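Reading through the structure tokens given below for one structure.
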Amino acid sequence: MDSKLAASAVGRRGPRWWQTGVVYEIYPRSFADSNGDGVGDLAGITARLDYLAWLGIDAIWIAPFYPSPMADFGYDVANYTDVDPIFGSLADFDALLGGAHARGIRVLIDYVPNHTSDQHPWFRESRASRDNPRRNWYYWRDAKPDGELPNNWISMFAGPAWEWDEATGQFYLHTFLKEQPDLNWRNSDARAAMFDAARFWLDRGVDGFRIDVAPMVMKDPELRDNPPNPDWDGTHRLGTWGMQLHDNDHAHPDMHPLYRDFRRLLESYDGDRVSIGELHHPDFDRWAAYYGEEQDEIHIPFNFHLTHAPWTADGIRRAIEGVQGVLPPGAYANWVLGNHDQPRFASPHRGGRDQARVALLLLLTLRGNPTLYYGEEIGMVDVPVATEDSHDPLERREPGRGRDPERSPMQWDASPNAGFCPPHVSPWLPIARDAAEVNVAAQGEDPDSLLTLTRRLLKLRREHPILLGGEFEALGPTPDGIYAFRRTAGHGRVTVALNLTGQPRTLPAAGDGRVLIGTHRDRDGSDATGDLELRPNEAVVIEEPAAG
Ligand code: NOJ
């Protein structure tokens, strides 16, 4: 292991790297195109490692780059142990990994256990005949006597979760597209093959995995029907998937021993390798269960409570304090504002540009492990794509749910195509109209930019022991529109106060101290005494002198 990484993995007291480290998500199609085909690739990421080191993140998570027919842009894997030519080669991956490690950046990759591509050789064999040795690697079921589907499960991407296979006369299960058949993790050979795939990358040196739809892998062994959702009113963030309560098609308790085994696999390697699990449970307790009773399951259960919370003081209070309230002893939470499936935070229909500084200050001062989505640091917004032009199959199946807008190319500079790909090339998705102003090159030189603020926040949290490892303490009640909390360690106290509104607000008796950093640079280093006046969309971090 590189000595920079080794130093942060062992030999120091306090949180482990993954408990407080900042993970930066890269959607590889959209980050940097090195070969001029309009699609980002691994060599493009390697060429931008200096930027990531300069920014000051701890790890990158790269969304899938495996060989794939790209029905779901790589979340339909046709080979778990190679690189799709559109992204490069295994040699490109090794170069990226080596370059990242040399800069002290860890590399996490996506692990897609719930389903493969229908073009994966395992599935091709499985569907070849009913007595193929791999038949039970997937879920095959007869039609009911009346010809009906085996059960009432629906696809998260709309429509039934079963597809009829004419040749063998049975249905197969697909929680997502029909091109993404679900793997049967109760089959020990399939499971062993997936563990081998993980070993392949761990042996190569990756620092861990982001586990795609982690709760999906274990379903009710009898595949019983889901009950209807009594609250269904025709609208749901996940479209028609909201019609049912998903009691039986995911999150069976058998997941827990599986993730304990997976953690044991990670921990059989040196270097503090980890798993981050994608989990969307709205219920706080169910979410926290993924840490494991002995905190021996998923290292970092992804926490989307902030992502889905209404962006109001009350909304984020409920999200933050709900999460903090269920954390197992000593555990740290993960925090996320957005990702490749969610609207970008700075978009007007989410928090908006005015609140972007407040949101990043919050993300980077909460206790735990924040995940930044590429472009969040410069305030990228969703770029609309009409349904008829959409690449994301979800948009065509359920208009309005498409994820192309949050996957637009990274805005590096003011050149045509924003420096993502050469000027004469068509990028795979449209570049944001504001890219000439909103880009890394312009903001990197501007002391008042969002990028500069992000970088300074990242530096501060690395260097400030209270921000890194201090406890979380709720503060309240606070006046309407303000959310505030404390971080504490020993006698030290840091107060974080956020104005979630576009009007001035006052936080009475906020404490006496010095502003360590704020969304508005003119306040940095100033004294804060008594009542704290916050300007519209302003947030500050105040350090109180250590008592006693
Ligand atoms: C979650 C991923 O984040 C999303 O992009 C993908 O479509 C589904 N899982 C299916 O793999």
Side-chain angles (χ1 to χ4, degrees), residues 23-31 40 60-78 80 84 108-120 123 138 153-159 161 163 173-183 185 194 197 209-219 237-241 246 249-251 275-281 290 298 300-304 307-308 334 336-344 371 373-374 382 385 390-398 400-408 428-429:
V23 177
Y24 184 97
E25 181 195 350
I26 294 177
Y27 194 69
R29 294 182 74 84
S30 303
F31 196 60
I60 52 176
W61 146 38
I62 313 171
F65 48 75
Y66 308 108
S68 165
M70 304 290 166
D72 188 17
F73 292 106
Y75 283 98
D76 46 325
V77 180
Y80 286 97
D84 193 284
L108 307 171
I109 63 173
D110 230 293
Y111 184 68
V112 188
N114 181 66
H115 43 268
T116 69
S117 161
D118 63 347
Q119 299 307 309
H120 195 295
F123 187 70
Y138 295 82
W153 294 0
I154 45 186
S155 158
M156 203 183 249
F157 284 176
E163 180 70 12
L173 179 68
H174 59 91
T175 302
F176 295 90
L177 299 172
K178 67 175 170 39
E179 292 82 2
Q180 295 167 292
D182 282 29
L183 256 184
W185 275 76
M194 284 302 291
F209 302 99
R210 174 266 190 186
I211 306 176
D212 189 58
V213 292
M216 295 278 175
V217 292
M218 282 294 177
K219 310 156 206 306
R237 188 173 56 78
L238 296 172
T240 46
W241 211 66
H246 293 276
D249 58 357
H250 87 316
S275 58
I276 307 183
E278 190 201 10
L279 303 157
H280 284 272
H281 289 301
Y290 290 85
I298 291 177
I300 308 173
F302 252 137
N303 161 26
F304 292 103
T307 320
H308 301 314
N334 160 272
V336 187
L337 293 172
N339 71 13
H340 64 279
D341 297 323
Q342 310 292 338
R344 282 190 175 272
T371 307
Y373 182 45
Y374 81 91
D382 290 349
V385 176
S390 77
H391 292 252
D392 185 4
L394 183 52
E395 177 64 21
R396 290 166 189 264
R397 295 169 67 88
E398 279 194 340
R401 286 185 65 201
R403 300 160 297 174
D404 288 346
E406 56 261 30
R407 298 173 178 178
S408 67
W428 82 284
L429 279 174

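As the structure is a computational prediction, the values presented were derived from the model and not from experiment. Order of listing sets the numbers, starting from 1, for every ligand and every atom in it.
- Results of the ring-ring contact (aromatic ring centres under 6.0 Å, His included) test with Phe157 over Phe176, Trp241, Tyr75 single out Phe176 as the only residue that passes.
- Every atom of ligand 1 with a heavy atom of Arg407 under 4.0 Å away is listed here by number and element: 5 (O).
- A 4.5 Å side-chain heavy-atom check between Pro113 and Trp185 finds at least one atom pair inside the cut-off.
- With salt bridges taken as basic N to acidic carboxylate O contacts below 4.0 Å, none links Asp249 and Lys219.
- Of all the heavy atoms in Pro28 and Pro64, the pair that sits closest is CG-O, 3.7 Å.
- For the ligand labelled ligand 1, residue Met156 lies outside the 4.0 Å heavy-atom shell.
- When side chains are defined from C-beta on, Ile62 does not count as touching Phe31, because their heavy atoms never get closer than 4.5 Å.
- Set against the non-hydrogen atoms of Arg403, the atoms of ligand 1 under 4.0 Å away are 4 (C), 5 (O), 6 (C), 7 (O).
- Using a 4.0 Å cut-off to heavy atoms of Glu278, the atoms of ligand 1 that qualify are 1 (C), 3 (O).
- Closest to atom 3 (O) of ligand 1, if we only count protein heavy atoms, is Asp341 OD2, 2.4 Å.
- Nearest non-hydrogen protein atom to atom 6 (C) of ligand 1 is Asp72 OD2, 3.3 Å.
- Nearest heavy atom pair, residue Val77 against residue His120, reads O-CD2, 3.5 Å.
- Checked for salt-bridge contact, Arg407 and Asp382 miss the test: no charged N lies under 4.0 Å from a carboxylate O.
- Close to ligand 1: Arg210, with a non-hydrogen atom less than 4.0 angstrom away.
- Atoms of ligand 1 found under 4.0 Å from any heavy atom of Asp212 (numbered from 1 in listed order, with element): 1 (C), 2 (C), 3 (O), 9 (N), 10 (C), 11 (O).
- Using a 4.5 Å heavy-atom threshold, the side chains of Glu278 and Ile211 count as separate.
- Residue contacts with ligand 1 include Phe157, since one of its heavy atoms falls under 4.0 Å from the ligand.
- Within ligand 1, counting atoms from 1 as listed, the ones closer than 4.0 Å to a heavy atom of His115 are 10 (C), 11 (O).
- Only the side chain of His340 comes within 4.0 Å of ligand 1, counting heavy atoms alone; its backbone N, CA, C and O stay farther away.
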